[in-house]
Each structure stands twice: as C-alpha cells, then as structure tokens.
Number of protein chains: 2
Amino acid sequence: MSDIPIDAPELEDTAAERFSQARTAQSLALLEDYTEMIDDLIRELGEARITDIARQMGVTHPTATKAVARLKREGLASARPYRGVFLTEAGIAMAERVRLRHRVVVDLLCAVGVPPEAAEIDAEGIEHHVSDVTLQAFEAWLSQKAG
Amino acid sequence: MSDIPIDAPELEDTAAERFSQARTAQSLALLEDYTEMIDDLIRELGEARITDIARQMGVTHPTATKAVARLKREGLASARPYRGVFLTEAGIAMAERVRLRHRVVVDLLCAVGVPPEAAEIDAEGIEHHVSDVTLQAFEAWLSQKAG
DNA sequence: ACAGAAATGTAGCCGTGTCTACATTGAATG
DNA sequence: CATTCAATGTAGACACGGCTACATTTCTGT
Ligand SMILES: [Mn+2]
Ligand SMILES: [Mn+2]
Ligand SMILES: [Mn+2]
Ligand SMILES: [Mn+2]
C-alpha cells in the first residue's frame, strides 16, 4: 500500500471494498436483530424463551436455537438448557446500539415522506448498513429540521 | 385471517413479517449486485469476464463462477465456457432498476448531510432494502428540495 | 400425582456463499 | 510452432441459516 501508481485505473478497485463492507455488515445483521429482539422480550415479558424468539423472528424453533448458539459463541448471550436466554453486557450494548439505529432510520424515512408502515419494514434491513458517520448525519439533520 | 380477536396482543406478530421481508430482500441482494456490476463491465469494457467480475466483487473466481451459475439458473444471465457473461432481458432490467435505486439512495444520503464517501459505501447495502414506495418518496423529496 | 400438552433439544437435510487446490483451456510470446 | 502464462473450469471443504422429524423435558390442569 501507499504505492498508488500515478494515472492508474484503480477506479474500480474501490467497488470491491464497498461490496466487501456490505457483506461484513450483513454478517452482523442476524446478531443485531436477535439481540435487539431478545432485549425487547426481556423488557416486555421478563424473559426470552426460545418459542417467543422463534415466533418473533418468523422462524422455526430449531432455527432460533441455532441462532442463540451463535450468540453464545460470540459472547452476546448466555443460556442453559430449558431456561430462558439472557444477554451479556456485550449483547445488551449491541441491542441498545441497534435499537437506536432502528429508531433513527425510521424517523429519517418518515421525515422525508416515507409512509410509516413502509418505513418500519424497510428500516429492518436498512439499519444494518448505516455506519456511525451516517447515523450521526441522520441525527444532525433530524434535530436541525425539528429545532 | 380477518379473524382479529378484540384486545388480542398481536402487537408482536408484525415483527415476524418485517424480519421475513428483510430476509427476502437480502436473498436478492447478491443477484442485484452482480447484474448491476456485470452491466457496468459490459458498458465499460465491452464484455464481462469471470476474472473481472471476481475482482470487482472482491471474491475469488470460483465464487464468481458460482454466482454466475445462479444468475443463469434464475434466468438473469447467459454464458458459455471460456466466453464472457451476458445479461438476459430480465438481467438488464434488474441491473437498471438497481442502478437507479443505488443512485437515488446515494443522492438522498448526501442531501441529508452524509459525506459522499460514506454515502457510497452505505448505499451498497441499503439499496437492497429500499422498497418501491420508499424509493418514490426519496425521489419526490429530492426533486421537491431541488425545485 | 399423573396424563397430556407445550416447550425445548437434537439430528440431519438442503441451498447459499465463501474459500483452497488442482486441472484444463486459450492466448500471447519467442 | 512450441512454450508458457493467464483465464477458466471443477472438486471439495467449510460456515451459515433455514427446514422437518423425532426425542426429551417441563409445565399444567384435573
Ligand atoms: Mn433488522
Ligand atoms: Mn431492527
Ligand atoms: Mn449492493
Ligand atoms: Mn449498488
């Protein structure tokens, strides 16, 4: 690196980096959705059971079990057989971060005229691809618009 | 359906639908990125070779080959051994649709103050989760802002 | 306390997307 | 024309995320 030949094409080389970053973001999406949603369940019901997690995600219970196994493997959750699922500190942190992003994305979509129903649906996918700098820009724009 | 019990919780049932739609959108993301990018290559270089496709996507050439196989299977591309890859009518249509969405998303992000570099990166993931109604809202908002 | 129902666990299948390693083909160079 | 190298094909491994089917455990109502 730092070896950028003068006049090199190199125009396209950045595309690979974009796609790569999008793939990385996507690989985190499932973890983000599960942590946020498990946190929701704990807040609302006092616990997060596999059945509820599965229903909430729209998947079967073995799929939810596998996802929780991955959460545990990545240090985001803890669970013991036949007991509810709990989030670690890291899991709670991820849940809160993703909840904030979800809300801000929905707010921004609504603010530019997207119907709330569509905003809520699209935000579920968009949120995972909003970088910190973009999130800050959204927040700044929203507060400037309101204030 | 049409059997909505009065006072039912049912609040959470919509979440599953959101997640499900996000998963569907994601399953199309790879096809969209490849069609758009192959179309770009054909425009710029006159042909889309596996090596170029792979470099552009930031993957190895067997990965690109498999992706092209899926494009063919889904009727979006055609290719014969040791020849370049071509898009079908459906593939070209998808490429153009996705290119429009990409551009509109970047424009909107920039318009609300996201730095162009970040806008370009984030748009690569966001574009796949922008529904038609949201796209229209973006376009309306942008043209209203400009006009 | 017990039987039945509900929840959870587990095994194993499939499709996808990534990779490495190796085989084959095509193109360029002398 | 022969050699060599780049491009392409192909095989096979792995991780992931979805599913069905079946086993086990826990909860619940009588
Ligand atoms: Mn989401
Ligand atoms: Mn969300
Ligand atoms: Mn993309
Ligand atoms: Mn794009």
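Heavy atoms only: backbone and side chains are in, while hydrogens, waters and symmetry mates are out. It should be emphasised that the depicted structure is a prediction, and the values quoted were computed from it without experimental measurement.
- Nearest to the side-chain atoms of B:Thr60 among the listed nucleotides C:dC19, D:dT25, D:dG17 stands C:dC19.
- For B:Thr51 and D:dT8, the shortest distance from a side-chain N or O to OP1 or OP2 is below 4.0 Å.
- Side chain to side chain, B:Thr60 and B:Thr63 meet the donor-acceptor criterion of an N or O pair below 3.5 Å.
- Of the residues in residues 18-26 of chain B, B:Arg23 come within less than 4.0 Å of DNA chain D through at least one heavy atom, sorted by number.
- Between A:Val114 and B:Phe138 the shortest side-chain heavy-atom distance falls below 4.5 Å.
- Distance CG/B:Leu135 to CZ/B:Arg97: 11.0 Å, rounded to 0.5 Å.
- B:Gln21 CD to B:Gln26 CD: the interatomic distance, rounded to the nearest 0.5 Å, is 14.0 Å.
- When each of B:Gly84 and A:Ala67 is assigned the nucleotide of DNA chain D bearing its nearest heavy atom, the one mapping closer to the 5' terminus is B:Gly84.
- Side-chain N/O atoms of A:Thr24 and A:Ser27 include no donor and acceptor closer than 3.5 Å.
- A:Arg83 comes within 4.0 angstrom of nothing in the nucleic acid, heavy atoms only.
- Donor-acceptor pairing under 3.5 Å, judged by distance alone, is absent between the side chain of B:Lys66 and the base of C:dT16.
- Atom pair A:Lys72:NZ and C:dT8:C1' shows a separation of 12 Å (rounding to whole Å applied).
- Scanning for side-chain contact (heavy atoms from CB on, under 4.5 Å) contacts around B:Ala93 gives an empty result, with sequence neighbours left out.
- Considering only the side chain of B:Pro62, C:dC19 comes nearest among C:dC19, C:dT16, D:dT8.
- As rounded to whole Å, 13 Å separates atom P of D:dA7 from atom CG of B:Leu45.
- At whole-Å resolution of the value, CZ in B:Arg80 and C1' in C:dT24 are 19 Å apart.
- No side-chain N or O of A:His102 forms a donor-acceptor pair with one of A:Glu32 less than 3.5 Å apart.
- The interatomic distance linking A:Leu28 (CG) with D:dA15 (P) rounds to 18 Å, in whole Å.
- Across all strands, B:Pro81 comes closer than 4.0 Å only to sugar-phosphate atoms, never to a base (heavy-atom distances).
- Per the geometry, CG belonging to B:Asp52 stands 15 Å off P belonging to D:dA6, to the nearest Å.
- The side chain of B:Thr63 contributes an N or O atom lying less than 4.0 Å from OP1 or OP2 of C:dC19.
- Counting to the nearest Å, the P atom of C:dT16 and the CD atom of B:Glu74 are 7 Å from each other.
- Rounded to an integer number of Å, the gap from CD of B:Glu47 to P of D:dT8 is 8 Å.
- Comparing D:dG9, C:dT8, C:dT18 by their nearest atom to the side chain of A:Tyr82 picks out C:dT8.
- If you take CG of B:Leu30 and P of D:dC16, they are 18 Å apart, rounded to a whole angstrom.
- Aromatic rings of B:His128 and A:His129 (six-membered ring for Trp) have centroids beyond the 6.0 Å cut-off, not under it.
- In the set C:dA7, C:dA21, C:dG9, the nucleotide with an atom closest to the side chain of A:Arg49 is C:dA7.
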